[in-house]
**Q** 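Provided herewith is a single structure, encoded as structure tokens, for subsequent inquiry.
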Number of protein chains: 2
Amino acid sequence: MIKTHSIYLVEDHIIVRNGFKELIENMGNYKVTEEFDNGKQLINKIHVGQPDLIIMDLTMPVMDGKATMRWLKEHNIKYPVLILTLDTSDKTIIDLYKSGVRGYLPKTCTAQTLKSAIDNILTTGYYHNELLSNALLRNDGYPVRDERMEILNLCSDRELHFLRLVCSPDEFTYEQIAQKMDVHKRTVDGYRESLFEKFKLRSKTGLVLFAIKNELVPL
Amino acid sequence: MIKTHSIYLVEDHIIVRNGFKELIENMGNYKVTEEFDNGKQLINKIHVGQPDLIIMDLTMPVMDGKATMRWLKEHNIKYPVLILTLDTSDKTIIDLYKSGVRGYLPKTCTAQTLKSAIDNILTTGYYHNELLSNALLRNDGYPVRDERMEILNLCSDRELHFLRLVCSPDEFTYEQIAQKMDVHKRTVDGYRESLFEKFKLRSKTGLVLFAIKNELVPL
DNA sequence: TACTTTCAAGGTGTTAATTCCTTTTTAACA
DNA sequence: TGTTAAAAAGGAATTAACACCTTGAAAGTA
């Protein structure tokens, strides 16, 4: 007697969800024990049952797949997650893989591929395929960014200089930065406010994160 | 008529090298055009010919595989490299993948696997297998670094949780973090001060930089 | 039990960060 | 040359960050 594994399905399109549900339950030893329209619904009930696997779409209303993965990671919840979606950009795949997904499949995959992905995750803890490896290799481990140039163009030289000083490991205050840049304290305030406004930031911490994420400063 | 591809072999044990050479040339459309005892020999002659692929061992005298990859990367030389070695630790695999290798095989692989690896690299530019994906997934996306582990051991779970919230793109204040962690404002102060002292930091900005540099938080 | 250590919590004061508003300077331009 | 827009400075007030010191509870230990 083979144990039946419990699977949660998170997918907003009910038709698609029913399709996958049937597909999965026809495999024999899997049962879809819970279904959710979006990530919010999932995390609200995540402490109720104990799924062996969560299969989730990426584009969903209210709380999408990425946000859900972030939440799960933040709350240290480690049920394996298999992403099933149409979005297969390198950036998306890498982001998700970084937030801890165990496998990634296009919705267009065959039933057989889906089955082997599920099997693999449940037995070995993960499913690896070309999508992940290729995305990683193509990017040499770094996220893809066209945005970078755009951002650089939006910033003046002095703003970038300021940004680099903000990210210095010496942890300068704005006053020290003003000295280093040989301008007034308030001028530096201006650089900060300008960057805050342009990139919707609210704090020095935000500046640092923004600069690093967009590779505007060397690490 | 199929084009014969040119392959360089870098391997210090001549017996092993000859074994592989024969194996490779028996595949039909591949020819080992140069052989080297170590990486130093390879880079000395790297500008002479134009190999379609370099197959390299890791443990070699004078200049080993890792050092050679670093040199090639630094000099922007992009011939595809397939690593063939016994060392299959996660750290090694990830380090190499970061320095740009296109594939990684244990020396114990079958002739058939070797052939498909070579074919794959020459046609698609890379060869992905379990070794790479697994190493990456096991590490949750982070490179293995001794320092990182040391730091992780020095931090309590709550301190790490706190650190992740500090680095959140939502730019939380400490008060908001206290709410999220469901502890008192002053308790959060404690986490902060403890991290400040342990790692010689002075500011929230410093925390963010520290966390990111040591890959304690996802980007 | 008494002692120590560790962590959560609390009080208070100082410094830095952030915001809002105003003025001056600079540079571009009709 | 006078007008205007943007950058640089400045004043001042609010909030967050940071530092120092104390207390209480829990856990481990002699």
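Numbered from 1 within each chain, the chains take letters A, B, ... in sequence-line order.
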**Q** Roughly, in whole Å, what's the span from NZ in Lys185(B) to P in dA16(D)?
**A** 9 Å

**Q** Which donor-acceptor pairs under 3.5 Å do the side chains of residues 57-65 of chain B make with protein atoms, sequence neighbours left out?
**A**
{"unit_1": "Asp57(B)", "atom_1": "OD1", "unit_2": "Lys107(B)", "atom_2": "NZ", "d": "3.4"}
{"unit_1": "Asp57(B)", "atom_1": "OD2", "unit_2": "Lys107(B)", "atom_2": "NZ", "d": "3.3"}
{"unit_1": "Asp64(B)", "atom_1": "OD1", "unit_2": "Lys66(B)", "atom_2": "N", "d": "3.3"}
{"unit_1": "Asp64(B)", "atom_1": "OD1", "unit_2": "Ala67(B)", "atom_2": "N", "d": "2.9"}

**Q** Run the side-chain hydrogen bond (donor to acceptor under 3.5 Å, both in side chains) check on Thr110(A) and Thr113(A) step by step: do they pass?
**A** CA-CA 5 Å; Thr110(A) 63; Thr113(A) 307; 2.7 Å; yes

**Q** Measure CG/Asp182(A) against C1'/dA8(D) and give the value in whole Å, please.
**A** 13 Å

**Q** Rounded to whole angstrom units, what separation is found between the CZ atom of Arg186(B) and the C1' atom of dT12(C)?
**A**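 After rounding, the reported distance stands at 8 Å.
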
**Q** List for me each residue that meets salt bridge (charged side-chain N to carboxylate O under 4.0 Å, His left out) alongside Glu171(B), sequence neighbours excluded, and say none if there are none.
**A** none

**Q** Can you tell me how far P of dA8(D) sits from CG of Asp157(A), to the nearest Å?
**A**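 Taking CG of Asp157(A) and P of dA8(D), I get 11 Å after rounding.
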
**Q** Strictly below 4.0 Å, heavy-atom distances to any atom of DNA chain C: list the hits from residues 158-174 of chain A, or just say none.
**A** Thr173(A), Tyr174(A)

**Q** Leu207(B) has an atom CG; how far is it from atom P of dA19(D), in whole Å?
**A**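 After rounding, the reported distance stands at 10 Å.
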
**Q** Sequence neighbours excluded, which residues qualify as salt bridge (charged side-chain N to carboxylate O under 4.0 Å, His left out) partners of Arg192(A)?
**A** Asp189(A)

**Q** For Glu175(B), which residues count as a side-chain contact (heavy atoms from CB on, under 4.5 Å) partner, sequence neighbours excluded?
**A** Thr173(B), Lys185(B)

**Q** Can you name the ring pair (Phe, Tyr, Trp, His ring centres under 6.0 Å) partners of Tyr8(A), sequence neighbours left out?
**A**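 Per chain and number, Tyr8(A) pairs via ring pair (Phe, Tyr, Trp, His ring centres under 6.0 Å) with Phe36(A).
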
**Q** Which pairs, protein N/O on one side and nucleotides 22-27 of chain D N/O on the other, fall under 3.5 Å?
**A**
none

**Q** In this structure, how many angstroms lie between the C1' atom of dA16(D) and the NZ atom of Lys204(B), rounded?
**A**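 Nearest whole value for this atom pair: 8 Å.
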
**Q** From the list dG11(D), dC18(D), dT18(C), which nucleotide is the closest neighbour of the side chain of Ser203(B)?
**A** dC18(D)

**Q** Nearest whole angstrom, please: distance from the P of dA16(D) to the CD1 of Ile177(B).
**A** 13 Å

**Q** Under the salt bridge (charged side-chain N to carboxylate O under 4.0 Å, His left out) rule, collect the residues that match up with Glu25(A), sequence neighbours excluded.
**A** Lys31(A)

**Q** Please list, chain by chain and in numerical order, all residues satisfying ring pair (Phe, Tyr, Trp, His ring centres under 6.0 Å) with His75(B), sequence neighbours excluded.
**A** Trp71(B)

**Q** Figure out the CD/P separation between Glu175(B) and dA17(C), and round it to whole Å.
**A** 19 Å

**Q** Once salt bridge (charged side-chain N to carboxylate O under 4.0 Å, His left out) is applied, do any residues pair with Glu35(A), and if so which ones, sequence neighbours excluded?
**A** Arg17(A), Lys21(A)

**Q** Using a strict heavy-atom distance below 4.0 Å, which residues from residues 189-198 of chain A are in contact with DNA chain C?
**A**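 Nucleic-acid contacts, sorted: Asp189(A), Arg192(A), Glu193(A), Phe196(A).
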
**Q** Test your reading of the model: is there a side-chain donor-acceptor pair from Glu159(A) to the backbone of Ser156(A), 3.5 Å cut-off?
**A** yes

**Q** Ring pair (Phe, Tyr, Trp, His ring centres under 6.0 Å) with Phe199(A): which residues, sequence neighbours excluded?
**A** Phe210(A)

